Number of protein chains: 2
Amino acid sequence: MEKIVIVEDDVFLREELQNILEKEGYSVECISSFDNSLEDIVSASPSLVVLDLNLPKLSGFDICRGLKAKGMGPILVLTSRNRLRDELHALNLGADDYLTKPFHPKRLIARIQKLLHLYANMQVLLDAGDFQLDEKINVLYVGKNSIPLSENEGIIMKALVKASPSVVKKEELFNLLWGSSDYVDENILQVNMTRLRKSLDKVELSNRIKTVRGIGYQLIRGD
Amino acid sequence: MEKIVIVEDDVFLREELQNILEKEGYSVECISSFDNSLEDIVSASPSLVVLDLNLPKLSGFDICRGLKAKGMGPILVLTSRNRLRDELHALNLGADDYLTKPFHPKRLIARIQKLLHLYANMQVLLDAGDFQLDEKINVLYVGKNSIPLSENEGIIMKALVKASPSVVKKEELFNLLWGSSDYVDENILQVNMTRLRKSLDKVELSNRIKTVRGIGYQLIRGD
DNA sequence: TTAACACTTACAGTTGTTGTAAGGTTTGTA
DNA sequence: TACAAACCTTACAACAACTGTAAGTGTTAA
C-alpha cells in the first residue's frame with residue numbers, strides 16, 4: 001500500500017485530508033509537531049508528501065526545499081494563497097504540483113494519482129555507466145541506439161546491471177526467472193543467456209557479460 | 001535531431017563543448033551574449049540546456065530558476081566550484097544534473113543522454129481527467145487499477161483522449177491505424193472499437209466512448 | 001585426456017494481436 | 001411500422017514473439 005504523509009497544522013483540514021486519502025486506500029501518516037518535521041517526514045519514507053505552505057515554525061518552502069535535497073519523491077503543495085509568485089516559488093523549490101484551497105476531494109485524488117504514476121514512470125531508467133536500461137519496457141539505450149529485450153532477457157539484464165560489477169549467482173537468476181532454485185534443467189538458463197548475448201550483440205555489448213564458471217554471470221563495467 | 005543550447009562565457013570551454021556535442025550528432029546553439037539570455041534560450045526551444053553557473057550578468061542560478069519557471073526541459077549544470085552547497089542549490093532550483101569541471105567528454109555525453117532519455121520517458125502520461133494513458137507502453141491507469149491495451153487499442157485511445165471532447169472522424173482513425181483513408185472494409189474499424197470497448201469494460205470505462213453516427217467516435221469527459 | 005561445465009541451434013508449444021467473414025442489432029426516416 | 005444504412009459482435013485463422021525442450025558441440029581445469 002502506498003504511504004502518504006500529510007504536513008498540515010490546521011486540525012480540521014488535516015483530519016479531512018486523512019479521511020479522504022484513507023478512504024481511497026492510502027496509508028496516511030500525519031505530521032502535527034513541527035519541531036523536527038523534516039526528519040519525521042524522511043524517516044516515514046512516504047510515496048508522496050502533501051504539504052501545506054503556511055506552517056508555524058519552518059515555512060512550507062523550507063520543508064519543500066529540504067525534502068527535495070534529501071531526494072524525496074513527489075510533493076504536492078497545498079495553500080490558501082492564490083498567488084502566482086508563490087506557486088512558481090514552490091515549483092522551483094521542487095514541489096511537483098500545487099493545489100489551492102478550497103479544493104474538491106476528487107481533484108486532490110486525481111492529482112495524487114497522477115504524481116504517483118509519473119514518479120513510478122520516472123524511476124525506470126537503470127544506469128550502467130555507458131548504457132541505460134528501461135526497467136519498465138525492457139529497452140536498452142546505448143548512445144543513440146536502442147534495442148528491445150524480451151521479458152526474460154530484461155530480468156537477467158536488470159539483475160546483472162544492479163549487481164555489477166559483482167557476480168550474479170546462477171541460483172539467483174533461477175529464482176528471478178522461475179521463482180525457485182530447485183531447478184531441473186540447468187540448460188534453460190544457458191539458452192536464455194545465449195539469447196541475451198545475441199541481443200546485446202546488436203549494440204556491441206555482448207562481450208560485457210562474463211561467465212564465472214560454476215558460479216554465475218557478471219556484467220563488466222565499461223565506463 | 002536534438003538541439004542543445006550551451007550557456008557558457010569562457011570561449012575555450014564553449015567551443016570545446018560545442019565540438020564534443022556536435023561530434024555526437026547534436027545540433028548545438030551557443031549563447032555568448034548574456035544581456036537577455038533567458039529569452040534567447042527559450043526561443044531556441046532546445047531539448048536540453050548546458051548551463052555554466054559562473055556567468056557575468058545573471059548568475060547561473062537565476063537562469064536556472066527562470067528556465068524552469070518557463071517550463072524548460074532538462075538542465076545540466078556545469079561548474080568549477082566543487083561545493084555541496086552550490087550543487088544542492090542548483091538542484092533545488094530545478095537543475096536536473098550537475099557536473100564539475102574538469103570533466104571527461106564521455107561523462108558529459110552519458111549524462112546528457114541520460115537526461116534526454118529520462119525526459120523522453122516522463123512525458124508519456126496522457127491525462128484524461130479521471131484516468132491517464134501511458135502513451136509509451138499503452139497502459140491505462142484508472143484510480144488504483146490499470147489495464148494494458150494492444151497497439152491498435154492504444155492508437156485509438158490516444159486519438160480519442162487527445163481530441164476529447166471533440167469527435168474523432170473515422171477517416172482519421174483509418175489514417176492513424178492503417179496509414180490511409182482509402183480503406184476497403186469499414187468493418188475492421190468497428191471490430192477494433194469493439195475490442196477497445198471490451199478492454200475498457202474491465203475498468204468500467206467502456207460507456208465513455210460514444211459513437212457519432214456517420215462521423216466517428218468521441219470520448220466523453222468524466223471529471 | 002577426460003569429465004564437468006558451458007554454449008549453440010533447431011523445433012514445437014503457447015500466447016497475444018490482428019484481419020476476415022458472417023451474421024445480428026440499432027437507428028432514423030418514410 | 002417497415003426497411004435500409006450504419007453499426008456491433010463473435011468466431012476463426014494467420015502471424016509473430018517468446019519460451020522451454022532436446023540434442024549436439026565447444027571449453028576448461030585437474
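What you see is a predicted model; the values in this text were computed from it and never measured. Each chain gets a letter, A, B and so on, in the order its sequence line appears, and its residues count up from 1.
The salt bridge (Lys or Arg N to Asp or Glu O under 4.0 Å) test applied to B/Lys158 returns no partner, not counting sequence neighbours. Residues forming a side-chain contact (heavy atoms from CB on, under 4.5 Å) with A/Val203 (at least two apart in sequence, or on another chain): A/Val142, A/Asn145, A/Ile147, A/Leu205. Every residue two or more places apart in sequence or in another chain was checked for a salt bridge (Lys or Arg N to Asp or Glu O under 4.0 Å) with A/Lys169, and none qualifies. For B/Glu22, the side-chain hydrogen bond (donor to acceptor under 3.5 Å, both in side chains) test picks out B/Gln18, with sequence neighbours left out. Judged as a salt bridge (Lys or Arg N to Asp or Glu O under 4.0 Å), and not counting sequence neighbours, the contacts of A/Lys3 are A/Glu29. The side-chain contact (heavy atoms from CB on, under 4.5 Å) test applied to B/Glu15 returns B/Val11, not counting sequence neighbours. Residues meeting the salt bridge (Lys or Arg N to Asp or Glu O under 4.0 Å) test with A/Asp40, sequence neighbours left out: none. Listed by chain and residue number, nothing satisfies the side-chain contact (heavy atoms from CB on, under 4.5 Å) test with A/Asn19 (two or more places apart in sequence, or in another chain).
To the nearest angstrom, P of D/dT9 lies 14 Å from CD1 of B/Ile188. Rounded to an integer number of Å, the gap from A/Leu189 CG to D/dT19 P is 13 Å. When the C1' atom of C/dC7 is taken as reference, atom CG of A/Leu196 falls 14 Å away, rounded to whole Å. Counting to the nearest Å, the P atom of D/dT9 and the CD1 atom of B/Ile209 are 11 Å from each other. Look at CD1 on A/Ile215: it is 17 Å from P on C/dA4, rounded to the nearest Å. Rounded to a whole Å, the CG atom of A/Asn192 is 8 Å from the C1' atom of D/dG20. One interatomic measurement links the two molecules: CD1 of B/Ile137 to P of C/dT17, which rounds to 13 Å at whole-angstrom precision. Across the protein-nucleic acid pair, A/Phe174 atom CZ and C/dA6 atom C1' stand 12 Å apart, rounded to whole Å.
Contact annotation: A/Trp178 side-chain N/O to D/dG20 OP1/OP2 distance is under 4.0 Å. Under 4.0 angstrom from either OP1 or OP2 of C/dC7 there lies at least one side-chain N or O belonging to A/Thr211. Close to D/dC7, at under 4.0 Å from its OP1 or OP2, lies a side-chain N or O of B/Lys170. For D/dC8, the OP1/OP2 oxygens have a side-chain nitrogen or oxygen of B/Tyr217 closer than 4.0 Å.
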Which atom pairs link the protein and nucleotides 8-10 of chain C when you take only N or O atoms and keep those under 3.5 Å?
residue: C/dT8; atom: OP2; partner: A/Thr194; partner atom: OG1; Å: 3.2
residue: C/dT8; atom: O4; partner: A/Asn187; partner atom: ND2; Å: 2.8

Give every pair of a protein N or O atom and an N or O atom of nucleotides 26-28 of chain D that lie under 3.5 Å apart, one pair per line with the distance.
residue: D/dT28; atom: O2; partner: A/Arg213; partner atom: NH2; Å: 3.4

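B/Glu16 places none of its side-chain heavy atoms less than 4.5 Å from the side chain of B/Glu8. When side chains are defined from C-beta on, B/Pro46 counts as touching B/Val49, because their heavy atoms get closer than 4.5 Å.
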Donor-acceptor contacts, no H, no angles, side chain residues 148-157 of chain A, under 3.5 Å, sequence neighbours left out:
residue: A/Ser150; atom: OG; partner: A/Glu153; partner atom: N; Å: 3.3
residue: A/Asn152; atom: ND2; partner: A/Asn192; partner atom: OD1; Å: 3.2
residue: A/Glu153; atom: OE1; partner: A/Ser150; partner atom: N; Å: 2.8
residue: A/Glu153; atom: OE1; partner: A/Ser199; partner atom: OG; Å: 3.4
residue: A/Glu153; atom: OE2; partner: A/Ser199; partner atom: OG; Å: 3.0

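Nearest-nucleotide assignment on DNA chain C puts the 5′-proximal partner with A/Gly214, out of B/Leu177 and A/Gly214.
At a threshold of 4.0 Å, the pair B/Arg221-B/Asp130 does not count as salt-bridged, since none of the basic side-chain nitrogens sits closer than that to a carboxylate oxygen.
Contact check of residues 149-164 of chain A against DNA chain C (heavy atom, cut-off under 4.0 Å) returns no residues at all.
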